[in-house]
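Accompanying notes for the structure given below.
Numbering of ligands and ligand atoms starts at 1, following listing order.
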Amino acid sequence: MAIKALIFDLDGVLVDTAKYHYLAWKRLADELGFFFSQEDNERLKGVSRVRSLEILLEVGGIQFEDDVKTKLADKKNGWYVDYIMKMTPDEILPGVIPLLEETRKKGLKTAIGSASKNAKTILEKIDILKYFDVIIDGNKVSKAKPDPEVFLLAASEIGVKPNECIVFEDAEAGVDAALNGKMLVVGIGSEKNLGHANIVVPGFQNVSIDSFLKLAE
Ligand code: BG6
Ligand code: MG
C-alpha cells in the first residue's frame, strides 16, 4: 500500500512543550502543598488535560470533586498558555522543517493529530500552520489516546485510508493509538518505551522520508 499522508503528534514531536506543562503542573502542586517531580511529569506525556490532573492528584494523594478539578485544570491551563504565548519558531525541534519541506515536495498530505486543546495556538506561535492540510486536536475528539479516534479522524478528513498513513508519535499511548487505528507508526524517542512502534528514531535530524515510506513496502 502506498503511503499518501503523514500524521504528526505535536507535543514532543515537533516542539518540546513538556517543559511548560511541567512548570505549570508543578506550580499547581506547589500551591496544593506537595512535590511534583520531573519524573512524575513523564507520566503526563500524550495524556489528556483531565487525566493529567488525575495523575497529579494521585501523586499528591489528594481527592477533589469534579467542579474543583475543573477549576484546577483551568488554573493550570492559564499558566501554561502564558508560557506558550511566548513561544517562537526557534523552539521547533531540529530536523522538523527540512522534513516538512520534503513532505511537501513529495506531494504527501499532512495532518496534526494532537490531544492538546492548545495545538492551534502553538502552531501559530511557531509559525508552521502552513505545512498542514488538516488539524485534529483535543477540541475535536472525545476519546483520548490510546483510542485511535484522533488519527482516524485525521485520515478521514484528508480523505485517505488508515493503511495509507504514517503517524509520528513520542508517547507510548500515542503509538498504541496509531497501532489501534491500523496505521504505521514511527516512534520519536527511545526503544525503551516506544519499542512497539514500527521503527523508532531519536528525532528528525539526519532522517529522510524515504526511510519511513519503506515501512509500507
Ligand atoms: C498532549 C501532551 O499533546 O496534550 C500532554 O503530550 C497534554 O502532556 C495534552 O496533557 C493536553 O494538552 P492541553 O494543551 O489541552 O492541556
Ligand atoms: Mg506527544
Practice prompt. Mind telling me whether Phe204 and Phe8 have parallel, tilted or perpendicular rings, with 30° and 60° as the class edges?
Written response: perpendicular
Discussion item. Taking 2.8 Å as the distance threshold, tell me the number of protein N/O/S atoms next to the Mg ion (ligand 2).
Written reply: 3
Worksheet, complete the sentence: Distance filter under 4.0 Å, heavy atoms only, around ligand 1 gives Asp11, His21, Leu44, Lys45, Gly46, Val47, Ser48, Arg49, Ser52, Tyr80, Ser114, Ala115, Ser116, Lys117, Asn118
Worksheet item: Charged N to carboxylate O below 4.0 Å: is that the case for Lys75 and Glu31?
Response: yes
Discussion item. Could you walk me through whether Glu164 and Lys109 satisfy the salt bridge (charged side-chain N to carboxylate O under 4.0 Å, His left out) test, starting with their C-alpha distance in whole Å, then the side-chain angles of each, then the deciding distance to 0.1 Å, before giving a yes or no?
Written reply: CA-CA 10 Å; Glu164 294 171 329; Lys109 293 284 184 189; over 6 Å; no
Worksheet item: Within 45° of the axis and under 6.0 Å from the centre of the six-membered ring of Phe212, does NZ or CZ of Lys214 qualify?
Response: no
Worksheet item: If every non-hydrogen atom of Ser116 is compared with every non-hydrogen atom of Asp11, which pair is closest and at what distance?
Response: CB-OD2, 3.6 Å
Worksheet item: Below 4.0 angstrom, N of the basic side chain to O of the carboxylate: do Glu91 and Lys125 qualify?
Response: no
Worksheet entry | Test side chain to side chain contact (heavy atoms under 4.5 Å, CB included) applied to Val185 and Asp9, Leu215, Asn198, the passing residue | Asn198
Response to the item:
Only residue of Ile158, Val141, Leu152 satisfying side chain to side chain contact (heavy atoms under 4.5 Å, CB included) with Ile136 is Val141
Item to complete: Kindly determine whether Lys145 and Glu169 satisfy salt bridge (charged side-chain N to carboxylate O under 4.0 Å, His left out), including the steps that lead there.
Response: CA-CA 11 Å; Lys145 301 170 186 176; Glu169 252 298 344; 2.7 Å; yes
